[in-house]
Amino acid sequence: MEQLIQKAKDLLSKKEVDAIIGYCATGKDEAKPALIYQAEDAGELIFNDRCYNNLAVYLTRKDVKKLKKIGIVAKGCDIRAIVNLIIENQIDREKVYIIGMTCNGVVKPGSKYASLKSGKCDVCKVRNPHLADLVIGDKVTEQVPMDKKIKHADLEEFEKKTREEKWQFWVDQLSRCIRCNACRQACPMCYCNRCIVDYNTPQWIDTRSNPKGGMAWNLVRAYHLSGRCIDCSECERVCPVNIPLMLLNRTLQEEVQRSFDFEAGYDLEACPPLTVFKKDDKENFIR
Amino acid sequence: MADVFLTHDKARELLIHLSANGVEAFGPVEKDGIHIIEKIHEQSPINFDYFITTNSIKEALFPRYEKILSYKISQEGVEVEDVPLDKSIVIMGGHPCDAASIPLMEKLFGWDYKDKFFLKRRENSVVITLACEEADNDCFCTSLGYSPRGEVGSDILLERVSDNGWKVKTLTDKGKNFAKEYADYFQSSLEADKKYPKLADKDVPVQFDPKKVKKWIDGHFEDSLWEKIASNCWSCAACTYVCPTCHCFDITDDATMWSGIRTKNWDACTLPYFTLHASMHNPREEHFQRYRQRINHKYSIYVNLFEAVSCTGCGRCSRACGARVNILEAVKMIDNAAGGK
């Protein structure tokens with residue numbers, strides 16, 4: 001913590017960054033995102049196992065984008081989002097100072113603010129930051145090797161269902177959606193200037209919180225995240241009505257992994273498969 | 001009048017009986033680890049053991065989406081069909097902070113334009129409220145003059161006397177008539193457990209003065225404090241959609257060329273496109289301007305219009321916020337800033 005605060009103070013006082021996105025305490029044994037602009041406020045910064053928010057989401061917020069250079073406190077999972085944002089030309093690597101934090105997992109049970117249905121940290125491959133300007137914290141043992149293909153237990157369980165059961169499952173789950181857009185706003189990869197649900201001439205997606213609208217919105221979002229979702233589970237964590245959104249995202253992740261042998265957010269040089277054209281694509285229709 | 005009691009089992013039976021007999025019965029169900037108030041049907045997993053439901057009872061009177069008319073276009077012209085609004089409604093399972101929102105929303109929906117959808121539903125409904133037995137750090141009803149055992153907006157108040165039952169307090173004629181009509185479900189005695197009531201007003205301390213808050217807001221539309229209060233807001237609508245008093249809506253058509261239905265859907269001032277003009281100018285461009293609107297509307301604009309704060313202190317918005325923006329902290333920051341003035 002000392003090192004984090006000191007570094008933040010240095011960066012801010014030497015004007016190397018205009019602000020630092022980090023975590024501060026809420027006074028309830030919880031952590032919340034904080035934007036620190038003054039060196040004297042750097043003392044508020046903390047890092048612990050309640051720092052579950054993916055702070056990369058703030059990098060594309062209007063006011064933050066206007067800043068010349070920004071510092072960010074980031075765990076491995078957050079860095080995966082940063083890597084993707086750089087690849088997709090949303091942020092400039094030079095403009096971001098990444099303070100990487102080694103991490104033993106966040107989202108401990110018992111927090112009412114972080115009820116997750118599916119494990120987020122148990123399949124993490126980047127407990128040690130894979131892209132950072134500075135790494136804080138002792139090196140921790142990686143529990144999953146980088147080259148190991150992971151499949152979530154909940155997805156394996158889900159795949160045992162028949163097609164009809166799967167459909168019914170999602171009809172039930174998604175008709176509960178209240179269309180609050182928390183999933184979209186918490187998602188570092190949902191940065192579209194104008195999301196398709198916000199178009200009304202014509203209205204592509206039903207805006208109503210009914211089974212049809214809930215289904216349309218969540219499927220569109222899942223498809224748009226395929227090959228881009230970096231598995232941070234923020235959408236699922238922030239969903240007020242506990243829809244298991246990661247099961248949906250992982251279904252598509254699995255497809256992308258199977259078809260293109262690709263996982264998002266690890267490699268700055270790799271392009272998300274759905275955003276590139278290759279002459280040797282295995283599908284005929286695209287060549 | 002002799003005391004009357006109701007057990008959880010009987011309450012469950014009653015809700016299912018009502019729903020089977022043409023009444024729109026709303027009650028608390030446990031689903032995937034959360035408690036929500038929703039329309040009851042025969043198989044509903046009704047459960048009364050919760051601290052607070054994720055959503056509020058607002059959905060019963062101001063649904064997430066509501067058909068307001070349907071239409072057909074033909075060579076003869078346009079044929080419009082109204083929606084019947086004669087169904088009786090019973091809402092069981094909210095807390096006093098839910099019920100208190102009804103008179104508040106009534107002011108708005110009964111204001112210059114009489115919104116028959118809300119008003120008719122309100123007229124047809126019986127509100128049965130559960131007194132609170134638990135509070136957390138996000139609760140602040142007493143700061144707004146309400147109480148965890150408050151009666152505002154309810155027709156019947158249920159006060160827990162044991163793990164599986166309540167003492168029934170009928171508060172209005174509607175409540176009395178309801179208790180009489182369904183007397184079979186109620187009973188005249190129930191063994192009381194000394195541990196109840198668990199919660200009194202003093203357990204939810206008063207933390208700010210809404211008058212002071214309003215005064216500060218009125219003089220500080222432009223103030224850097226707003227940016228500080230909402231610095232981590234990412235502009236979703238979780239707070240407004242779980243709020244018992246937020247009432248903004250949008251009207252859309254679901255239509256083909258020759259017929260369609262028109263619906264009234266929830267909308268929220270915290271969403272970036274809420275105020276976007278056709279010219280693409282947005283008067284509330286930044287996240288903090290939208291959050292300011294939310295606080296301003298509740299603590300100042302509503303007071304100017306209706307002499308009441310449009311917040312009941314339930315704390316749902318704080319609990320639902322994934323970015324951990326906390327309304328109580330926000331209002332306390334304003335209260336502090338108003339300090340010496």
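Proteins come first, then strands; the chains are lettered A, B, ... in the order of their sequence lines, and each starts at number 1.
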N/O donor-acceptor pair under 3.5 Å between A:N242 side chain and B:D32 backbone: yes

Chain A contact via B:T252 - which portion, at a heavy-atom distance below 4.5 Å: side chain

Spacing of NZ belonging to A:K212 relative to CG belonging to B:D254, to within rounding of 0.5 Å: 3.5 Å

Between A:P240, A:C195, A:A186, A:A34, the one whose heavy-atom pairs under 4.5 Å with chain B are most numerous: A:A186

Over 12 non-hydrogen atoms of neighbours within 6.0 angstrom of NZ in A:K166: yes

Under 4.5 Å from a heavy atom of chain A, the part of B:A268 involved: neither

Top of A:R61, A:R179, A:R184 for chain B proximity - count of heavy-atom pairs under 4.5 angstrom: A:R61

Contact class of A:N210 relative to chain B, heavy atoms under 4.5 angstrom: both

Check ion pair A:K62-B:E285 (N to O, under 4.0 angstrom): yes

Within 6.0 Å of OH in B:Y273, more than 12 heavy atoms from elsewhere: yes

Closest heavy-atom pair and its distance - B:R64, A:S175: NH1-O, 3.6 Å

Exercise: identify the closest heavy-atom pair between B:Y65 and A:P211: OH-CD, 4.3 Å

Greater than 12 external heavy atoms within 6.0 Å of A:E165's CD: yes

Distance-minimising heavy-atom pair for B:W234 and A:Q185: O-NE2, 2.7 Å

Minimal non-hydrogen separation, B:E329 against A:T26, with atom names: OE2-O, 3.9 Å

Approximate separation, where rounding is to 0.5 Å, of B:N326 CG and A:E30 CD: 11.5 Å

Which portion of B:N232 sits near chain A, non-hydrogen atoms under 4.5 angstrom: both

Exam field: side chain A:N53 to backbone B:G322, donor-acceptor pair closer than 3.5 Å: yes

Engaged part of A:C177 at the chain B interface, taking heavy atoms whose separation is under 4.5 Å: backbone

Least distance between heavy atoms, B:A238 atom then A:C180 atom: N-CB, 3.6 Å

Neighbour count >12 (heavy atoms, 6.0 Å) for atom CD, A:E40: yes

Contact leader toward chain B among A:I178, A:L35, A:N181, where contacts are heavy-atom pairs under 4.5 Å: A:I178

Reported OG-to-OH distance for the pair B:S231 and A:Y37, which is rounded to 0.5 angstrom: 7.0 Å

